[in-house]
Amino acid sequence: MSLSNFVKRIRNIMRNDAGISGDAQRIEQMAWMLFLKVYDEKENDWEMDSDNFKSIIPEECRWRNWAHDDGSGNVLTGDDLLNFVNNTLFTKLKEIEVTPETSIRQTIVKTMFEDANQYMKDGVQLRQVLNVIDGLNLGDYEESHAFGEIYETLLKEMQAAGSSGEFYTPRALTDFMAQIVSPKIGETMADFACGTGGFITSWLNTLDKRVKTAEDREKYNHSVYGIEKKQFPYMLCVTNLLLHGIDNPLVYHDNSLIKDVLNYTDDDKFDVILMNPPYGGNEKSNVKSHFPSDMRSSETADLFMVLIMYRLKEKGRAAVIVPDGFLFGTDNAKLAIRVKLLKDFNLHTIIRLPGKVFAPYTDIATNIIFFNNEIADGAPDGYSTKETWFYRLDMPEGYKHFSKTKPMKLEHTAPISEWWNDRKEIISDGDEKSRRFSVEELIASDCNFDRCKFPKEEEEVLPPKQLLEEYYKKRKVLEHQIDKTLQEIQDILGFKIDID
């Protein structure tokens, strides 16, 4: 079954179900079903590996015993299926008992269903969706790996809901950043807002090429760690890791910002941190209280930067996507964070990314900052940074901007890779495409990192038809954001307003 056909078939079925009111619910509905399908396939492997294997899922709730259609004509469907899912499956999975001795691969079942929801109201259509998912052959290598990409496809479809600054990170960027940090066997990597696991899987795919022995494979299996606050991205991430052969995924459904950063010990730190922190969100005072007073920002991305600095091992490496505002914001917290980066870390590289990397979901300009937890050779007293290189990645030839149909590709990062190992300043007629600045220069400028800017573009005059198309696209995104915010307000207040 082709990937595009799989997604299309499920979407078309769910559109006819009265219980599914939008993309977010459709994705969440699919998430728990996909997880149970994948988990059942993994249990087949675990049963073969151990004579004493016992599933933590009650027997009647295992995918093979209620979702799989064996062709006998006795399969659950209609009201019987709805009753089973609503009153037996969800009830029993939410009530699974776990203890400190319960393995991670079993604990994740309860965690998955703690906040999961069953939205579908038509039992026949629910059966149709189950049959489509069950038709995937995860024993087939190619189909199994294609199945992992389903999550990226689904997430892209609902990214118009990015009002809290959470946007799908293009695979081109996660792969590029993983390759640049160059994973080594035995290292640990973390993402404290891991979403569906894009950075984690890029790390694993890069590290997999270095696995040579059974011991290497064991270290590979324990090399990643993630935290995700929202339920359904967490579900997708865990499922994706199971597909990547990580039987005990160290991914937690939690909020990374609710622990005092000063309490982290060396055991809580990692060799590599790869992240695209949520930005644009505002944190409450009780969250900010977990951070040093001079770095208590209301901006979510700022707090994640502080968290990263406190959880990066000595000699560790970090690559983090940040919005433009982080580079030159003048509030006291941002300034304190940038000063700390220069004093306590070797902030060696900042890559300015072309506009609309996250198009069409947001026009926010972004950058990648690379820093190590070590003192650079020749750094002046009191600082770990000696100099910081800035490089501007221009839009590829033939592209005016990225879009759904013309997304950023890994090949578009090739100019950075070519420059990375043979760094040269590139300055022409006052236009700085690449330049290095000493830490003294940066400090003297009040830590303004807004260097190697993009040339100011002339406003493009579009044909009327294209202008209207662009307007309707932006209006649709804005309307979706407004609807999402209003729904969140109604959820908080505990009532719902039906608009005819």
Side-chain angles (χ1 to χ4, degrees), residues 3 6-7 27 30-31 34-35 37-39 41-42 104-105 108 112 136 138 141-157 159 166-185 187-211 216-230 232-253 270-278 317-321 358 368 407-410 413:
L3 175 63
F6 172 90
V7 175
I27 305 295
M30 288 185 63
L34 291 170
F35 168 75
K37 164 67 174 176
V38 173
Y39 197 82
E41 294 286 346
K42 296 299 294 186
I104 294 172
R105 72 184 186 188
I108 58 176
M112 282 285 199
L136 289 165
L138 299 183
Y141 178 84
E142 293 298 329
E143 192 155 332
S144 175
H145 278 253
F147 188 49
E149 295 176 8
I150 286 171
Y151 303 123
E152 295 178 25
T153 303
L154 296 176
L155 193 61
K156 287 178 185 178
E157 292 185 355
Q159 282 306 299
E166 298 173 28
F167 303 102
Y168 166 80
T169 308
R171 171 60 68 90
L173 286 183
T174 62
D175 283 351
F176 165 74
M177 291 164 67
Q179 291 171 15
I180 285 291
V181 300
S182 188
K184 299 178 180 64
I185 296 295
E187 290 185 326
T188 55
M189 168 267 178
D191 182 346
F192 305 120
C194 62
T196 60
F199 280 105
I200 293 176
T201 52
S202 287
W203 164 275
L204 290 171
N205 291 336
T206 305
L207 185 62
D208 187 60
K209 300 180 179 71
R210 294 162 170 75
V211 174
D216 289 349
R217 180 59 63 187
E218 184 66 16
K219 291 178 179 178
Y220 165 95
N221 290 338
H222 294 88
S223 69
V224 293
Y225 175 93
I227 299 177
E228 174 50 43
K229 180 179 177 181
K230 295 190 175 180
F232 82 83
Y234 165 78
M235 297 176 76
L236 298 180
C237 181
V238 170
T239 309
N240 214 349
L241 290 184
L242 289 173
L243 283 167
H244 277 77
I246 308 299
D247 290 348
N248 291 287
L250 292 175
V251 177
Y252 299 93
H253 181 213
F270 299 88
D271 299 294
V272 175
I273 296 175
L274 297 173
M275 284 193 68
N276 178 13
R317 313 183 298 287
V320 185
I321 296 176
F358 293 90
I368 312 174
M408 188 178 191
K409 300 177 182 178
L410 182 60
T413 65

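Here, residue 1 is the first one in the sequence, and each next residue gets the next number.
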(request) Provide the closest heavy-atom pair for Cys194 versus Cys237 in the form atom of the first, atom of the second, distance. (result) SG-SG, 4.0 Å
(request) Report the distance from atom CZ of Phe35 to atom CG of Asn240, rounding to the nearest 0.5 Å. (result) 13.0 Å
(request) Measure the spacing between CG of Leu242 and CD of Glu41 and express it to the nearest 0.5 Å. (result) 11.5 Å
(request) Report the distance from atom CD1 of Ile180 to atom CG of Asp175, rounding to the nearest 0.5 Å. (result) 12.0 Å
(request) Give me the ring orientation class for Tyr252 and Tyr225: parallel if the planes are under 30° apart, tilted from 30 to 60°, perpendicular past 60°. (result) tilted
(message) Less than 4.5 Å apart, side chain to side chain, heavy atoms only: is that true for Pro183 and Val272?
(response) no
(message) Evaluate His244 against Thr239 for side chain to side chain contact (heavy atoms under 4.5 Å, CB included), listing each step before the verdict.
(response) CA-CA 9 Å; His244 277 77; Thr239 309; over 6 Å; no
(request) Would you check if Pro170 and Pro407 make a side-chain contact, meaning some heavy-atom pair closer than 4.5 Å? (result) no
(request) Name all residues meeting the side chain to side chain contact (heavy atoms under 4.5 Å, CB included) criterion together with Thr174; count only those two or more places apart in sequence or in a different chain, and write none if there are none. (result) Thr169, Arg171, Phe199, Ser202
(message) Does any part of the side chain of Asn221, heavy atoms only, come nearer than 4.5 Å to the side chain of Asn248, both counted from C-beta?
(response) no
(message) Donor-acceptor check, side chain of Asp191 to backbone of Met275, threshold 3.5 angstrom: yes or no?
(response) no
(message) Test your reading of the model: is there a side-chain donor-acceptor pair from Asn205 to the backbone of Thr201, 3.5 Å cut-off?
(response) yes
(message) For a side chain to side chain contact (heavy atoms under 4.5 Å, CB included) check, start with the C-alpha distance between Leu250 and Val224, then their side-chain angles and the critical distance, and finish with the verdict.
(response) CA-CA 7 Å; Leu250 292 175; Val224 293; over 6 Å; no
(request) Taking the side chain as every heavy atom from C-beta outward, state whether Pro233 and Glu228 have any atom pair closer than 4.5 Å. (result) yes
(message) Strictly below 4.0 Å, N to O, side chains only: are Asp247 and Lys42 in salt-bridge contact?
(response) yes
(message) Using side-chain heavy atoms (C-beta onward) and a distance below 4.5 Å, is Leu204 in contact with Leu241?
(response) yes
(request) Nearest 0.5 Å please: distance from the OG atom of Ser223 over to the CG atom of Leu207. (result) 5.0 Å
(request) To the nearest 0.5 Å, tell me how far Met235 CE sits from Ile108 CD1. (result) 10.5 Å
(request) First locate atom OH of Tyr220, then atom CD1 of Ile246, and finally report the distance between them rounded to the nearest 0.5 Å. (result) 5.0 Å
(request) Could you tell me which non-hydrogen atom of Ala193 sits nearest to which non-hydrogen atom of Pro278, and how far apart they are? (result) CB-CD, 3.6 Å
(message) Between Lys229 and Tyr234, does the side chain to side chain contact (heavy atoms under 4.5 Å, CB included) criterion hold? Intermediate values first, please.
(response) CA-CA 7 Å; Lys229 180 179 177 181; Tyr234 165 78; over 6 Å; no
(request) Begin with the C-alpha distance, continue with both residues' side-chain angles, and end with the deciding distance and a verdict on side chain to side chain contact (heavy atoms under 4.5 Å, CB included) for Gln179 and Thr413. (result) CA-CA 11 Å; Gln179 291 171 15; Thr413 65; over 6 Å; no
(request) Can you see which heavy atom on Ile185 is nearest to which on Arg210, and at what distance? (result) CG1-O, 3.7 Å
(message) With heavy-atom distances below 4.5 Å as the criterion, would you say the side chains of Ser182 and Glu187 are in contact?
(response) no
(request) May I ask you to check whether over 12 heavy atoms, not counting those of Lys184, lie within 6.0 Å of atom NZ? (result) yes
